[in-house]
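Working notes, beginning with the structure itself.
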Amino acid sequence: MVELIANVNNAINGFVWGVPMLVLLVGTGILMTILTKFFQLSHIGHWFKNTVGGIFHDQHVTKHTDADDQSISQFQSLCTALAATIGTGNIVGVASALVAGGPGAIFWMWVVAFFGMMTNYSENVLGIYYRRRNSKNEWSGGAMYYLKDGLGSYKGCKQIGAVLAVLFSAFCLLASFGIGNMSQVNSIAANMTSAFSIPATATGIVLVIIGALVIVGGLKRIAAVTEKLVPFMAIAYVIGALVIFFANIGHVGAVFTAIFKGAFGLRAVGGGIVGSGVKLALTWGMKRGVFSNEAGLGTGSIAHACADTKKPVKQGFFGIFEVFVDTIIICTMTALVILCSGVPVNYGEAAGAELTISGFTAVYGNWVSIFTAVAMCCFAFSTIIGWGLYGTRCIEFLFGSRSNMPFMVLYSLTAIVGATMNLGLMWSIAETFNGLMVIPNLIA
């Protein structure tokens with residue numbers, strides 16, 4: 001029975017994350033880019049000014065709402081969305097893409113991010129435009145709402161909009177337990193055991209307690225944690241990676257040459273860094289790029305819809321910035337840590353966090369494995385609480401606000417399962433549900 005489930009799931013997964021779906025995802029980003037006249041590039045100064053610039057110069061962007069106002073600041077909504085996207089995929093996912101697709105995969109990851117900026121922008125605009133207040137006076141929005149009320153408002157589309165909204169919510173809800181929770185907890189437990197010899201069960205129990213304290217506290221507590229955790233962990237990781245970059249500045253030219261040549265199936269001169277086939281580079285770069293920043297999945301719009309703003313377009317700018325930070329900055333830093341440090345890369349074989357850790361230890365020494373273990377734990381934990389919000393909003397859409405608390409408790413307790421189980425099949429199934437969200441969202 002298990003083998004049958006695995007075979008069926010592999011078949012569905014192969015379709016969901018196959019080349020046609022990746023082309024559709026990138027194609028949607030290209031369409032949005034053309035319709036907005038390459039806004040992410042032509043107005044780069046404008047959206048930077050209204051995102052990272054606003055964080056420092058516009059008090060409204062970072063100002064916390066009053067106790068009786070259940071919305072969160074624009075900066076908090078950004079951090080909550082980044083919390084869900086910046087996860088183990090930025091470390092493990094980049095390493096696996098690099099090994100399977102060669103250095104050229106990084107180029108295609110950049111391409112996906114470039115067009116994904118406008119997909120994410122579009123999702124956030126719709127998320128704000130079609131959001132509504134729930135029974136707790138919190139803003140609730142996301143793909144399920146713009147499917148039901150946006151697509152559903154067109155003539156003859158009311159029923160299909162409602163059906164697709166339910167499908168999206170169901171897929172997102174199921175994915176939250178796998179991609180958002182158990183797989184992340186499993187990564188944390190493995191790192192804690194490797195770095196500090198802490199039993200997986202003990203890690204699971206601690207995560208149940210900490211996760212419950214944050215998630216059960218609701219939107220404002222999740223936002224309060226993410227606005228502190230996300231900037232800290234992102235800045236610390238980038239600084240650590242930049243030190244490696246500058247320490248190996250002499251290798252940078254060869255690294256970027258290998259990335260651009262590998263993207264088109266060419267070989268690096270001198271045999272230092274070998275590329276892979278263009279198909280593998282393109283497929284793995286696109287797949288891991290989408291998996292990392294989630295542009296096209298519709299999940300980020302759930303967090304951004306909670307923002308204290310009346311201007312959908314301005315919140316859309318934060319969607320551009322979100323993809324920029326997640327993929328262009330953090331994923332690129334991981335790739336440069338591996339390639340610039342000169343650690344052996346066994347192309348065509350399986351790879352995980354150990355490859356990224358090797359890149360750090362090659363420069364800093366073995367002690368830095370503790371830093372990378374803690375960094376991975378922070379990345380994974382932020383994903384857990386970010387997806388906790390996504391799951392809450394989806395179950396609320398399906399069954400009403402009364403279902404929120406039971407979900408939060410169950411979601412927190414699931415950490416025990418994630419810490420102690422072999423999640424091979426569960427990860428694959430969850431990744432399938434993660435990909436299935438793409439279909440209704442891209443239709444919207």
Side-chain angles (χ1 to χ4, degrees), residues 55 60-87 127-128 131-142 172-173 176-177 179-182 184-185 188 203-234 299-309 315 318 322 377-397 399-416 418:
I55 292 170
H60 181 74
V61 171
T62 56
K63 183 182 178 181
H64 290 195
T65 55
D66 298 330
D68 58 343
D69 187 344
Q70 296 304 306
S71 59
I72 58 178
S73 72
Q74 290 178 277
F75 179 65
Q76 286 178 317
S77 67
L78 168 68
C79 289
T80 304
L82 279 171
T85 55
I86 299 177
I128 294 287
R131 67 183 179 175
R132 62 178 67 173
R133 295 279 187 181
N134 63 14
S135 60
K136 295 181 179 180
N137 204 35
E138 297 173 339
W139 282 119
S140 290
C172 185
L173 182 63
S176 70
F177 285 101
I179 294 292
N181 190 324
M182 288 190 286
Q184 306 297 328
V185 172
I188 294 175
T203 300
I205 293 171
V206 171
L207 287 173
V208 166
I209 297 170
I210 298 175
L213 288 172
V214 176
I215 296 166
V216 174
L219 173 63
K220 282 212 162 187
R221 190 175 298 173
I222 291 173
V225 172
T226 57
E227 76 168 335
K228 296 177 180 64
L229 178 61
V230 170
F232 169 77
M233 70 182 190
T299 49
S301 63
I302 298 174
H304 287 280
C306 301
D308 177 30
T309 181
Q315 195 60 35
F318 281 96
E322 177 191 340
C377 291
C378 289
F379 280 25
F381 181 71
S382 72
T383 301
I384 293 169
I385 58 179
W387 272 88
L389 174 64
Y390 295 169
T392 302
R393 286 294 186 258
C394 286
I395 203 165
E396 175 184 284
F397 179 84
F399 304 110
S401 297
R402 288 180 296 181
S403 61
N404 286 1
M405 187 56 68
F407 166 79
M408 291 175 183
V409 173
L410 178 61
Y411 184 83
S412 301
L413 291 173
T414 305
I416 289 287

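Computed from a predicted structure; not experimentally measured.
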Is there a donor-acceptor contact under 3.5 Å from the side chain of Ser403 to the main chain of Ile395?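 At least one qualifying donor-acceptor pair exists.
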Pairwise distance [atom1]([X]) to [atom2]([Y]) - rounded to 0.5 angstrom:
X: Leu82; Y: Ser77; atom1: CG; atom2: OG; answer: 9.5 Å
X: Ile215; Y: Ile222; atom1: CD1; atom2: CD1; answer: 6.0 Å
X: Ile72; Y: Thr80; atom1: CD1; atom2: OG1; answer: 4.5 Å
X: Leu389; Y: Asn404; atom1: CG; atom2: CG; answer: 10.0 Å
X: Trp387; Y: Thr85; atom1: CH2; atom2: OG1; answer: 10.5 Å
X: Leu219; Y: Lys136; atom1: CG; atom2: NZ; answer: 10.0 Å

Under a 4.5 Å cut-off applied to non-hydrogen side-chain atoms, are [X] and [Y] in contact?
X: Cys377; Y: Ile188; answer: yes
X: Tyr411; Y: Thr392; answer: no
X: Gln184; Y: Asn181; answer: no
X: Asp308; Y: Gln74; answer: no
X: Gln76; Y: Thr226; answer: no

Heavy-atom pair with the smallest gap, counting every atom of [X] and [Y]:
X: Cys172; Y: Ile302; result: SG-CD1, 4.4 Å
X: Phe381; Y: Leu229; result: CD2-CD2, 4.1 Å
X: Ser176; Y: Leu173; result: OG-O, 2.5 Å
X: Val208; Y: Ser412; result: CG2-O, 3.3 Å
X: Gly142; Y: Ser301; result: CA-OG, 3.4 Å
X: Ala305; Y: Ile128; result: CA-CD1, 3.8 Å

Could you point out which residue of Arg393, Lys220, Arg131, Arg133 forms a salt bridge (charged side-chain N to carboxylate O under 4.0 Å, His left out) with Glu138?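 The single option meeting the salt bridge (charged side-chain N to carboxylate O under 4.0 Å, His left out) with Glu138 is Arg393.
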Can you list the residues that meet the side chain to side chain donor-acceptor pair (under 3.5 Å) rule with Arg221, with sequence neighbours excluded?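 Side chain to side chain donor-acceptor pair (under 3.5 Å) list for Arg221, sorted by chain: empty.
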Would you kindly check if the NZ (Lys) or CZ (Arg) of Arg132 is within the cone defined by 45 degrees around the ring axis of Trp139 and under 6.0 Å from the six-membered ring centre?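 Output no; distance or angle outside limits.
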